[in-house]
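Since the structure is predicted, the reported quantities are computational estimates derived from the model, not experimental observations. Naming: A, B, ... by sequence-line order, numbering from 1 per chain.
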Amino acid sequence: MTLVKIDKKNWAEGLTAAADAYRLYGPVKEKDYHQFKALEKGEMPDFDMVNTRLSPKALLFPQSEEMLEFSLDESRDDHHIMKAVATDDTPRAVVGIRPCDAKSTLLVKLNFDTPDVKDPYWLNAYHATTFIGMACDTPLSTCFCTTAGCGPYHEEGLDMLVMDQGDAYLAKLLTDKGKAFAAAAGWSETADDPAVFDAGRKAAEGRIVSTVKTDNLADTDLLELHGAPFWDDIAFSCINCGTCTFSCPTCWCFDIQDEVHGKSGVRMKNWDSCMFPIFTVHTTGHNPRDTKTQRVRQRFMHKLKYFVDKYEAGIMCVGCGRCVRQCPVNIDIRRLCEQMNSFKPADACAAQG
Amino acid sequence: MELMGVEPDRLHFSWISSAESTKFVNVVKEVTEKVKAIGPNNHFIKDTAKVA
Amino acid sequence: MSDWEPKIVSFLCNWCSYGAADLAGVGRMQYPSNIRVIRIPCTGRMDPKFALTALREGADAVWVSG
Amino acid sequence: MLGYTEKIKEIAGRLLKECTVDMVIGFRKGTMPMMNEPCFATTPEAVDTLWWDSNCGINLANYLTNRKEKVAVIAKGCDSRNIVTHIIENKIKRDQVYIVGVPCTGMIDKRKITGMVKGEIIAVSETEDTIKIKTADAETLFDKTEVLQQNCALCIHRNPVIFDEMVADAVQEQTDVDRYADIQKIETMGTEEKWQFFDDLLSPCIRCYACRNACPLCYCPTCFVDEAKPQWMGKGQDPLDVRTFHFLRAYHCAGRCTDCGACERACPVGINMRLLTRKLEMDCQEQFGWEAGLSLDQRPAMDVYQANDPEAFIK
């Protein structure tokens with residue numbers, strides 16, 4: 001691990017130099033909100049934000065992505081043959097991703113990179129990307145990363161972690177990818193003061209006011225939790241929009257659609273949401289998750305129970321707080337996690353009796 | 001539609017009895033003339049899916 | 001532009017305009033060939049979705065006639 | 001509206017105790033400033049969580065469709081008009097719903113307030129006419145009229161039009177509001193300019209369908225966006241597909257929309273899709289003299305024929 005000091009005067013210059021070797025992405029303010037976007041030449045990421053409106057998961061897993069293309073024109077030899085759409089897997093770098101969002105990438109990777117199945121679209125994009133994190137010194141009151149297996153200076157999933165020191169940035173090069181990026185940017189003035197990072201981390205962690213408890217989730221009986229009495233109450237206000245799932249950095253569900261125009265067509269994948277009634281509709285018309293309560297329960301059980309049991313990698317949440325802030329009816333995962341974590345099966349019996 | 005920027009002449013309504021073949025022909029002519037005047041539909045066409 | 005001819009998707013009521021179109025044909029009347037006729041059982045069957053779909057698929061105009 | 005909470009609790013408690021209804025639908029205090037959560041109470045004890053302030057912008061009529069039990073619902077002016085529409089459209093029976101009317105002085109606009117102060121909002125408190133916003137380093141006092149949701153600022157039906165009981169005396173209705181100034185401004189634009197305007201307006205849309213789902217009018221078992229045969233529009237992020245969705249959604253609300261603002265309030269990216277629904281509302285008003293949800297005895301403009309209906313657009 002190497003520490004590099006970057007004078008803010010050299011920051012723009014370094015990024016411009018790196019832009020020769022990398023396609024740069026970063027947070028940019030559009031209308032009222034920050035959003036991760038490809039940076040134009042010379043455009044700088046804007047760090048005057050807490051976090052982006054939507055998570056940067058779309059960089060690896062776009063909301064709509066063409067996978068295959070085909071032609072229905074029978075005069076062509078290759079009609080009805082699916083062909084991969086060309087993708088751009090040249091190196092790129094995300095500058096200014098928050099540590100919570102970087103950690104979420106690893107949770108999503110558990111799904112797209114399994115021993116049995118590997119998603120080439122996601123993995124190619126992932127391997128092509130260098131993640132340059134910006135430590136988070138001003139968390140919101142809805143951030144609960146420290147108790148969600150993450151933190152404002154968390155390093156998992158990052159190649160480089162940058163902290164703001166006023167007139168300079170201090171960067172920790174965590175991987176070879178990170179080192180390569182620093183070299184391309186020409187940032188080479190080493191520093192040797194790891195204590196600064198520790199102090200920054202402690203101060204930032206002290207600003208996190210929101211917490212969740214997850215210690216009992218793994219031990220609680222799955223079926224009992226599934227049958228817990230609080231689901232109707234929680235699900236009541238839900239309007240089954242997909243806001244929580246679309247803004248969530250760890251939600252990975254997608255749907256595959258063919259779109260045909262004239263004689264040419266594409267097969268594309270689009271984000272899907274377990275909140276939508278048609279998410280689980282079978283061809284027969286039967287829908288195993290027909291009610292709102294079932295769908296809401298699925299979302300939270302997946303994040304806070306099934307995932308915990310299956311991967312033993314903690315909860316499927318990094319505490320970014322987006323769903324808490326954006327839910328139109330104030331369904332709060334923190335409150336729900338508390339209810340699930342403190343649930344005792346005996347309560348269920350009492351409720352039934 | 002007009003509010004969104006579709007020309008009003010792209011949408012026509014009429015009422016013709018089954019016995020009014022002359023009116024039918026006249027309306028076809030009139031509609032065609034009007035659409036020719038505003039030119040082709042450039043906006044409201046979907047070619048291939050654009051992905052963001 | 002000069003040789004461009006508009007495509008007009010026409011939704012005609014079975015009992016009214018479609019009948020008129022039929023009569024126009026029987027009477028050998030001449031009219032522009034820009035219209036593409038879709039017969040609907042009644043103008044009440046018309047739906048904004050139909051008009052939008054026609055435009056999305058490349059029609060230059062939509063004509064609904066009862 | 002500050003005194004309403006106690007009165008609502010009292011009414012709800014009584015209705016449940018006397019078994020007049022099986023369930024009371026209202027709001028409970030949210031976990032965030034300027035957010036309340038719709039909730040229900042089925043026992044007299046549970047009514048203690050009920051709450052009312054200027055952050056109850058979600059339309060509770062949305063929670064009434066397909067209910068079997070007898071329900072009481074706390075209803076603002078706009079909610080009550082949507083309940084009327086539900087009754088007319090046979091989504092609920094009049095004797096199945098007990099309407100607790102709330103004379104409303106408007107809901108505050110969370111997004112607007114967030115944009116007006118610097119830093120994260122930690123707490124919000126209100127009096128009858130003022131809203132106090134507390135951030136980490138400052139306190140700001142606003143007149144409530146400055147920070148109302150646009151639809152509330154333009155509202156001309158603040159009192160419920162139908163109710164079984166009111167929590168307070170009716171409030172003064174606003175007169176002299178120009179409801180459609182922004183729409184008329186768009187109407188003066190040229191075709192290209194209009195097209196651009198809406199492209200720009202809809203560009204942040206992520207198609208989460210929060211606008212559709214927050215809307216009490218949208219109760220179809222299968223929405224047209226979910227239909228596959230035929231598929232009316234693509235599922236991706238193509239701007240034309242997004243536009244088709246918003247356009248058709250607005251059309252389905254023609255002559256039914258009460259401009260409750262739930263769609264705009266629910267939108268996670270802050271799109272003012274009410275521009276579309278209000279255009280249709282304006283047309284209904286101008287052409288048929290119709291306003292949605294004002295009376296149980298009148299059929300909606302879109303489902304009756306009258307000899308004097310305008311027909312100048314028909315050749």
Between B/V25 and C/M29, the two heavy atoms sitting closest are CG2-CB, 3.9 Å
- Verify the neighbour count for atom CD of B/E30: are there more than 12 heavy atoms of other residues, nucleotides or ligands below 6.0 Å? yes
Okay, C/L55 and chain B: the region with an atom under 4.5 Å from a heavy atom over there is both
So, do C/W4 and B/P40 sit near enough that their side-chain heavy atoms are less than 4.5 Å apart?
yes
In terms of heavy-atom contacts, C/P32 and B/K29 come closest through CD-CG, 3.6 Å
**Message:** Does B/K23 have more than 12 heavy atoms from other residues, nucleotides or ligands lying within 6.0 Å of its NZ?
**Reply:** yes
Greatest number of non-hydrogen atom pairs under 4.5 angstrom with chain C, of B/V31, B/L11, B/V35, falls to B/V35
Cut-off 4.5 Å, heavy atoms of chain C, and the answer for B/S17 is backbone
- Message: Measuring only between side-chain heavy atoms, which start at C-beta, is C/S65 closer than 4.5 Å to B/I16?
- Response: yes
Whatever's closer than 4.5 Å to a heavy atom in chain B on C/A59 counts as backbone
Residue pairs meeting ring pair (Phe, Tyr, Trp, His ring centres under 6.0 Å), one or both in residues 7-26 of chain B, sequence neighbours left out, come to B/F13-D/F313, B/F24-C/Y31, B/F24-C/W63
Quick note, side chain to side chain donor-acceptor pair (under 3.5 Å) partners involving residues 32-49 of chain C, not counting sequence neighbours, are C/E5-C/N34, C/N14-C/R39
Chain B shares the most heavy-atom pairs under 4.5 Å, among C/A61, C/C13, C/A51, C/P48, with C/A61
Looking only at C/I35, C/L23, C/D60, most heavy-atom pairs under 4.5 Å shared with chain B are made by C/D60
